[in-house]
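Reviewing the structure listed below.
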Number of protein chains: 2
Amino acid sequence: MKLEVQIKMNASLYLRDPEQSELGKNIIKFSIELIHKQGFEAFTFKKLAEAIGTTEAGVYRYFENKHKLLVYIISWYWGWLEFQIGYQTKNVTNPVSKLKKVITILATTVEDDIMTGHVDESILHQILISEGSKAYLTKQVNQDNKQEYFKPYKDLCNTVGDIILECNAKYKYPHSLASTIVEVAHLQNFFMHNLPSLTDFSKSKNENQIIVFLNDLVFSSIEK
Amino acid sequence: MKLEVQIKMNASLYLRDPEQSELGKNIIKFSIELIHKQGFEAFTFKKLAEAIGTTEAGVYRYFENKHKLLVYIISWYWGWLEFQIGYQTKNVTNPVSKLKKVITILATTVEDDIMTGHVDESILHQILISEGSKAYLTKQVNQDNKQEYFKPYKDLCNTVGDIILECNAKYKYPHSLASTIVEVAHLQNFFMHNLPSLTDFSKSKNENQIIVFLNDLVFSSIEK
DNA sequence: TATTTATGATAGTAATACTATTATTTAAAA
DNA sequence: TTTTAAATAATAGTATTACTATCATAAATA
């Protein structure tokens, strides 16, 4: 028996559960590929259908529109990251080490996880960096939020916030610092590769520098 | 004579300079209104033309596409912010006070500046929060960057970076910290209003709290 | 007054974002 | 094993978007 990590998804994101069929899994697999290659704006259900070898209508049976598909994919990754954090910090008792580990996970391009067959996590990480904020930077953010579309993201930030409080129970902004860590990890990565003068890592383009920067930023604040 | 602040814009953003005609000024004015009301995704040149009382073709004579128009609007605001920072910190000699002032400017909804006739800065601030990152989170970011579309943004970050170094010449990440301040100021504002559990300001929804958070974050790091 | 230039009005095209219909295949239930 | 239901493929069609092109007219300039 092959071990599989199953991320439980919000059922109102899809019309038919993509995990339950070959076509569904292909929709996820190829949309990740296409969004990564062409960017979310240029991504269409028609192109996706062609890539899979099905028809547009076929895709529409699974997802109402490309926005929900994006939210699905991104939610999946937040869920997977949450699992990674839980798994990789399981035996870490020192909260400072734990938080450092979390920052490393958030800021590092992961290797493809063999436990999730049809998904390439390293590409998902790239998508999160470039397209992640488009999931919530919309006019429907409040409706989407009511439908719990951002729960995996909020859960993850909450987990990070709790670890921050473990480091310093008196720190006043655990939630804001948590969301800042997550977002800045991605933003600095994007800037490093695309608008390098907005970072101090333009020469090396090394992700580890983002980790060092974030560690400095975070622990200066909470250990003050 | 009425005093007017003129922000010099990158000419390759437009086909015809919108500052030079009534129609052009209306394109800017109404696109700000429409993007704010409907969001960038739902914003079209047809709707814009209808709002102005001109035709689609009329708008296309000024801007190639809505992406360039968005970049134009956002660049204008970065330019205006840079001017504000220069103006409001002119006589501030203490770099710490200067940086605090800058953080306040970045994190606060400005009042409509009477010096810029057809532009409402408080709405622009909202657009920056919700749509700002869409200007660079695209597949064409490298081309756009080569055309200097992001120069006003980079200049502003540079200014902030310089002030950081004035505070502490030995601080290692002035560029990254500068872009972090700018982005986090907007992100925390968006979260506070739309995904409040990602912040610690959900009760008050008061922008001043973002300032306090950022001051704490920034000065812990650079005064360490 | 002649001429350039900006605008308005209208038309048209390819692509996008869907919905609907019917036939066919596949899988589950009887 | 047959019946039946469910999923998919194939095709068509619509409204909207993102443009381009053409021509007439009004306003500004030479």
Side-chain angles (χ1 to χ4, degrees), chain A residues 11-31 33-35 37-73 118 131 134-135 138-140 143-144, chain B residues 11-31 33-35 37-73 118 131 134-135 138-140 143-144:
Chain A
S12 55
L13 280 171
Y14 50 77
L15 298 169
R16 201 195 296 300
D17 184 356
E19 300 276 352
Q20 300 304 315
S21 72
E22 266 318 294
L23 179 57
K25 281 178 194 166
N26 273 327
I27 288 174
I28 303 306
K29 185 182 171 212
F30 284 92
S31 56
E33 227 172 73
L34 274 178
I35 291 173
K37 266 191 214 144
Q38 315 208 2
F40 185 64
E41 282 72 34
F43 169 77
T44 70
F45 276 8
K46 196 169 184 204
K47 286 176 190 168
L48 175 59
E50 268 161 30
I52 298 172
T54 182
T55 58
E56 235 182 314
V59 179
Y60 276 105
R61 255 181 253 118
Y62 281 82
F63 289 95
E64 250 178 275
N65 53 54
K66 69 175 190 171
H67 177 249
K68 288 200 177 183
L69 177 49
L70 179 72
V71 174
Y72 180 96
I73 287 169
H118 55 294
E131 322 288 351
K134 294 172 192 169
T138 69
K139 281 283 157 186
Q140 339 121 47
Q143 286 152 255
D144 286 1
Chain B
S12 55
L13 279 171
Y14 51 76
L15 298 169
R16 201 196 297 299
D17 185 355
E19 300 275 353
Q20 301 304 315
S21 73
E22 265 319 296
L23 179 56
K25 281 178 195 166
N26 273 328
I27 288 173
I28 302 305
K29 185 182 172 214
F30 283 93
S31 55
E33 227 172 73
L34 273 179
I35 291 172
K37 266 190 214 146
Q38 315 208 3
F40 185 63
E41 282 73 33
F43 168 78
T44 69
F45 276 9
K46 193 167 185 209
K47 287 176 190 167
L48 174 61
E50 269 160 31
I52 298 171
T54 182
T55 58
E56 237 182 312
V59 178
Y60 276 105
R61 260 181 237 118
Y62 282 82
F63 288 96
E64 250 178 273
N65 52 53
K66 69 175 188 171
H67 178 248
K68 289 200 177 184
L69 177 48
L70 179 72
V71 174
Y72 180 96
I73 287 170
H118 55 296
E131 321 288 350
K134 294 172 192 170
T138 69
K139 280 283 157 184
Q140 339 122 46
Q143 286 151 256
D144 286 1

Original post:
Under 4.0 Å between a side-chain N/O of A:Thr54 and OP1 or OP2 of D:dA9, yes or no?
Top reply: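 Looking at the OP1 and OP2 atoms of D:dA9, one of them is under 4.0 Å from a side-chain N or O of A:Thr54.
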
Original post:
Between B:Tyr62 and C:dA6, does any side-chain N or O lie under 4.0 Å from OP1 or OP2?
Top reply: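 Answer is no, no contact under 4.0 Å.
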
[X] [atom1] to [N] [atom2]: how many Å, rounded?
{"X": "B:Lys46", "N": "C:dG12", "atom1": "NZ", "atom2": "P", "answer": "15 Å"}
{"X": "A:Lys68", "N": "C:dA17", "atom1": "NZ", "atom2": "C1'", "answer": "15 Å"}
{"X": "B:Glu41", "N": "D:dA18", "atom1": "CD", "atom2": "P", "answer": "11 Å"}
{"X": "B:Asn26", "N": "C:dA6", "atom1": "CG", "atom2": "P", "answer": "17 Å"}
{"X": "B:Ile52", "N": "C:dA6", "atom1": "CD1", "atom2": "C1'", "answer": "15 Å"}
{"X": "A:Lys47", "N": "C:dA14", "atom1": "NZ", "atom2": "P", "answer": "17 Å"}
{"X": "B:Leu69", "N": "D:dC19", "atom1": "CG", "atom2": "P", "answer": "12 Å"}

Original post:
Under the side-chain contact (heavy atoms from CB on, under 4.5 Å) criterion, do B:Leu69 and B:Tyr14 qualify, and how do the steps go?
Top reply: CA-CA 8 Å; B:Leu69 177 48; B:Tyr14 51 76; over 6 Å; no

Subject >> A:Tyr62 and A:Arg16: CA distance, side-chain angles, deciding distance, side-chain contact (heavy atoms from CB on, under 4.5 Å) verdict >> reply: CA-CA 5 Å; A:Tyr62 281 82; A:Arg16 201 195 296 300; 3.5 Å; yes

Original post:
Between A:Lys47 and A:Glu50, is there a side-chain N and carboxylate O pair less than 4.0 Å apart?
Top reply: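 Between A:Glu50 and A:Lys47 there is no salt bridge, as every charged N stays at least 4.0 Å from the carboxylate O atoms.
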
Original post:
With respect to the side chain of A:Thr55, which nucleotide from D:dT8, D:dA10, C:dT10 is positioned closest?
Top reply: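 Given the options D:dT8, D:dA10, C:dT10, the side chain of A:Thr55 is closest to D:dA10.
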
Just verifying a value: how many Å separate [X] [atom1] and [Y] [atom2], rounded to the nearest 0.5 Å?
{"X": "B:Thr44", "Y": "B:Glu56", "atom1": "OG1", "atom2": "CD", "result": "7.0 Å"}
{"X": "A:Lys29", "Y": "A:Leu48", "atom1": "NZ", "atom2": "CG", "result": "12.0 Å"}
{"X": "B:Leu34", "Y": "B:Phe43", "atom1": "CG", "atom2": "CZ", "result": "6.0 Å"}
{"X": "A:Lys68", "Y": "A:Phe63", "atom1": "NZ", "atom2": "CZ", "result": "10.0 Å"}

Got a list of protein N/O to nucleotides 18-23 of chain C N/O distances below 3.5 Å?
from, atom 1, to, atom 2, distance (Å)
C:dC18, O5', A:Tyr60, OH, 3.1
C:dC18, N4, A:Glu56, OE1, 3.3

**OP:** May I ask you to list the residues of residues 12-23 of chain B, by number, that have any heavy atom positioned under 4.0 Å from an atom of DNA chain C?
**Re:**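 Residues of residues 12-23 of chain B that come under 4.0 Å of DNA chain C are, in numerical order, B:Arg16, B:Ser21, B:Leu23.
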
**OP:** Give the C-alpha distance, both sets of side-chain angles, the deciding distance and a yes or no for salt bridge (Lys or Arg N to Asp or Glu O under 4.0 Å) between B:Glu41 and A:Lys139.
**Re:** CA-CA 9 Å; B:Glu41 282 73 33; A:Lys139 281 283 157 186; over 6 Å; no

**OP:** For A:Phe63, answer base if it contacts any base atom (sugar-phosphate contacts may also be present), sugar-phosphate if it contacts only those atoms, and nothing otherwise; contact means non-hydrogen atoms under 4.0 Å.
**Re:**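 The residue A:Phe63 makes no contact with any strand.
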
Original post:
Is the cationic atom of B:Lys66 (NZ for Lys, CZ for Arg) positioned less than 6.0 Å from the six-membered ring centroid of B:Phe45 and within 45 degrees of its normal?
Top reply: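 No cation-pi geometry.
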
